[in-house]
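Written below as structure tokens is the structure these notes are about.
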Amino acid sequence: MNFNSLKEKQVMDDNGTQANVPETQDDIFQKCLKKVEEWRSAGIEPYGSRYDNVDYIADVRGAYKGDASEVIKKRIAGRVMAFRVMGKSIFADIKDSTGRLQIYVNKNTLGDNFDHFSRIDIGDIVGADGELFITKTGELTLKVHDFKMLSKAMKTLPEKWHGLTDVEMRYRQRYVDLIVNDDARDVLRKRALVVREVRKHLEEQGYLEVETPMIQPLAGGAAARPFKTFYEALNCSMYMRIAPELYLKRLLVGGFEKVFELNRNFRNEGLSRRHNPEFTMLEIYQAYGDCRTMMALVEGLITSVANKINGSMQIKKSDGTIIDLTPPWTIATYSDLVKSKGGPDWFDVDTQERRKRAEKMGLRLDPKAADFEVTNEVYEKLIEPTLINPTFVTRLPADLIPLAKRCDDNPNYVDVFELEINGQEIAPGYSELNDPVEQRKRFMKQLEGNSASGDYELCEGKVDEDFLNALEYGMPPAGGMGVGIDRLAMLLTGADSIRDVILFPHMRPKSNK
RNA sequence: GCACCCGUAGCUCAGCUGGUAGAGCAGAUGACUCUUAAUCAUCGGGUCGAAGGUUCAAGUCCUUCCGGGUGCACCA
């Protein structure tokens, strides 16, 4: 009568058996449920428990020394990635976190269990005991004596040859991506190693890792729009931090001399290939240092991490160009870089002339742009993208970074650096401002600037009085630095998109209808 | 936020100037005791992202919406 029964009837008429039923993903699920029941009634639990003394596949491969007569018994566990049935023998590929190994099963060795084994699907997780041998075609293989079901998969894996390429699904269902795409797994594992090595290096240098609030009453330390939230128990609005800076400086006041924090910042901004609003930032402060202290530190840090991760100072990008991290890194002043593009007399000519030159070089300028913004356009559009090998850009215009400490010899410049690698800013470093009166003045000016621009409220027009209070107790002069860990991971893994180095990048939730 | 591109079976993709959806893998059944993208035979699987519109007829053309990608902007 209804559609389904008609359809099933037709199937029956066509081939005279009841075996074939309509096949959708849901039907496959039902089929698997049935398999689970059948296994259970045969005394096999498809969702196994603890499975001890498992060898990593990489170690199993290492154990075979080329002597075919030697008997090597091993136990492995992992996911079935391929399954090739040949009558009374079966080959399957098992994958664990260290690699892949082919297993071989035949009816003579397994007996009744062979039929149970033959019901395994690609995607199931199994354990297997057996001994190693080399097949006719020369592949190291485990001949299975016994196996154990550890987990039955109810969904089919993406296709074995092309894998999973749909970018959206790779990010939304990262677990599938990780099962199927070895390179995704490698990149994300490398990222974890980057984080580990960064910590190790800093600890070895005597820096103390600290954790400061991620939910803050005022979101300071950077110019960015914060995420706002509400703290029920305290009955007040709070912000997700945009930077840990103001708390880390409080620690300098408190007497911690070398500290770092490696954790998430949140900025309420758009997403792009290079930006994720929730990103991992390393901030480091060192009392009695300045931005040059930080330059030496970051050069040592990144080269050491690169060496541990890649074993090389060269990184090949997807387009074939090579980034060379070999120290010492280039140091260039902002002005010299701008002059190299805009002409040696760039800063001597008048504003009109600078505009004319910039436009001649193909820049489209906002007619309202201030003079220093015109210059900065030249820097950002024409110079920054060309800084592929590591370059410390120093002595930036004070207009650009109003909160930093001025250079001793010229108050028009600030004593900072921006580390550029691969045309991207990887780390800014500062000689930190420790004059509380000057700091208050700049905060006030910044507030005015923000209310004037009217883009958004900066923490509702409030100044972090507690931070100023801390400064008034006296903060040692210090060098400070921030390193974008996601971007560093991109650099060291050659990833083109920041999302490739983030396990679960943000996605717009799918509406349920 | 703006511009451009994409969305077809569980996955990877075809589908021409509009004519009513197809392949491989995965799945089912059978054969096969050294395969490895196993092979061979047979079979099933679709709200063509969603909703409207044009048309005798829409996967295909138009509009809106949803989701994604890239670029720009915001932003270090």
Side-chain angles (χ1 to χ4, degrees), chain A residues 7-8 10-12 14-32 35 81-93 100-110 114 121-123 133-139 141 143 153-173 176 180 221-225 242-243 265 267-277 279 281 364 366 380-381 384 400-401 418-420 424-428 453 455-456 482-484 486-487 496-497 499 505 507-513:
Chain A
K7 209 166 172 186
E8 287 200 25
Q10 217 167 6
V11 170
M12 299 257 285
D14 282 351
N15 61 2
T17 69
Q18 34 66 275
N20 290 320
V21 290
E23 187 90 4
T24 64
Q25 195 63 8
D26 189 51
D27 295 321
I28 290 175
F29 192 91
Q30 295 303 325
K31 226 174 261 176
C32 290
K35 233 177 235 191
M81 299 305 289
F83 203 76
R84 298 178 289 278
V85 183
M86 310 205 29
K88 294 186 177 61
S89 73
I90 297 170
F91 289 91
D93 294 347
R100 252 182 207 243
L101 189 72
Q102 176 169 269
I103 64 173
Y104 171 74
V105 169
N106 71 40
K107 191 149 190 168
N108 286 352
T109 9
L110 271 198
F114 180 83
D121 290 309
I122 290 172
F133 76 107
I134 301 286
T135 62
K136 255 192 217 168
T137 46
E139 178 157 348
T141 301
K143 184 174 185 178
M154 309 299 275
K155 298 212 164 174
T156 54
L157 288 181
E159 198 222 13
K160 61 184 167 192
W161 190 242
H162 300 92
L164 179 65
T165 60
D166 181 68
V167 181
E168 182 177 354
M169 190 166 157
R170 286 192 43 220
Y171 296 150
R172 281 193 198 275
Q173 299 185 42
V176 180
V180 160
R225 178 190 302 188
I242 55 175
N265 285 349
R267 298 187 182 175
N268 212 335
E269 291 160 5
L271 304 90
S272 81
R273 210 160 59 80
R274 295 189 177 77
H275 295 258
N276 195 59
F279 64 101
M281 180 81 156
R364 280 185 303 150
D366 183 344
E380 279 191 358
K381 295 280 154 54
E384 195 176 10
L400 223 49
I401 310 176
E418 290 189 349
L419 172 62
E420 300 284 342
Q424 282 193 62
E425 191 197 326
I426 293 286
S453 71
D455 277 346
Y456 54 89
V483 182
D486 309 274
R487 287 183 182 179
D496 289 321
S497 169
R499 290 168 166 194
M507 287 275 154
R508 193 184 298 274
K510 291 231 170 180
S511 54
N512 345 316
K513 253 288 135 39

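Every heavy atom of this structure was used, including side-chain atoms; hydrogens, water molecules and symmetry mates were not. Everything numeric in this text was worked out from a predicted model, so none of it was measured.
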Q: Could you check whether F133(A) gets within reach of a base, just the sugar-phosphate, or nothing at all, counting any heavy atom under 4.0 Å?
A: base
Q. Under 4.0 Å: is that the gap between some side-chain N or O of R172(A) and OP1 or OP2 of G68(B)?
A. yes
Q. So, is T135(A) close to the U35(B) phosphate, meaning a side-chain N or O under 4.0 Å from OP1 or OP2?
A. no
Q.
Only Watson-Crick and G-U wobble pairs, only distances under 3.5 Å, only runs of 3 or more: what stems does that leave for RNA chain B?
A. B:1-7 with B:66-72, B:10-13 with B:22-25, B:27-31 with B:39-43, B:49-53 with B:61-65
Protein-nucleic acid N or O pairs under 3.5 Å, nucleotides 23-25 of chain B:
residue: G24(B); atom: N2; partner: E159(A); partner atom: OE2; Å: 3.3
residue: C25(B); atom: O3'; partner: K160(A); partner atom: NZ; Å: 3.3

Q | Distance between C1' atoms of C66(B) and A14(B) (Å, rounded) | A | 26 Å
Q | Distance below 4.0 Å between K35(A) side-chain N/O and A28(B) OP1 or OP2 | A | yes
Q: Test for a donor-acceptor pair under 3.5 Å between the base of U35(B) and the side chain of E139(A), counting only N and O atoms.
A: no
**Q.** Out of G67(B), U33(B), G10(B), whichever nucleotide has its closest atom nearest the side chain of T156(A)
**A.** G10(B)
(Q) With a 4.0 Å limit, can you tell me whether R84(A) has a side-chain N or O closer than that to the phosphate oxygens OP1/OP2 of A38(B)? (A) yes
Q | Nucleotide A26(B), atom C1' - distance to CZ of F29(A) in whole Å | A | 17 Å
Q.
Any side-chain N or O of R267(A) below 4.0 angstrom from OP1/OP2 of C75(B)?
A. no
**Q.** Interatomic distance, I90(A) atom CD1 to N106(A) atom CG [nearest 0.5 angstrom]
**A.** 9.5 Å
Q | Base U33(B) to side chain N108(A), donor-acceptor N/O within 3.5 Å cut-off | A | yes
Could you list the donor-acceptor pairs under 3.5 angstrom formed between side-chain atoms of residues 81-89 of chain A and any protein atom two or more places apart in sequence or on another chain?
residue: R84(A); atom: NH2; partner: D93(A); partner atom: OD1; Å: 3.2
residue: R84(A); atom: NH2; partner: Q102(A); partner atom: OE1; Å: 2.7

Q. Residues two or more places apart in sequence or in another chain: which of them pass side-chain contact (heavy atoms from CB on, under 4.5 Å) with E418(A)?
A. Y379(A), L396(A), I401(A), E420(A), E425(A)
Q: Sequence neighbours left out, what passes side-chain hydrogen bond (donor to acceptor under 3.5 Å, both in side chains) with E168(A)? Give chain and number order.
A: R172(A), K510(A)
Q. Looking for any heavy atom pair under 4.0 Å, which part of the strands does V180(A) touch: base, sugar-phosphate only, or nothing?
A. nothing
So which protein nitrogen or oxygen atoms get under 3.5 Å of nucleotides 70-72 of chain B's nitrogens or oxygens?
residue: G71(B); atom: OP1; partner: R273(A); partner atom: NE; Å: 2.4
residue: G71(B); atom: OP1; partner: R273(A); partner atom: NH2; Å: 3.2
residue: G71(B); atom: OP2; partner: R273(A); partner atom: NE; Å: 3.3

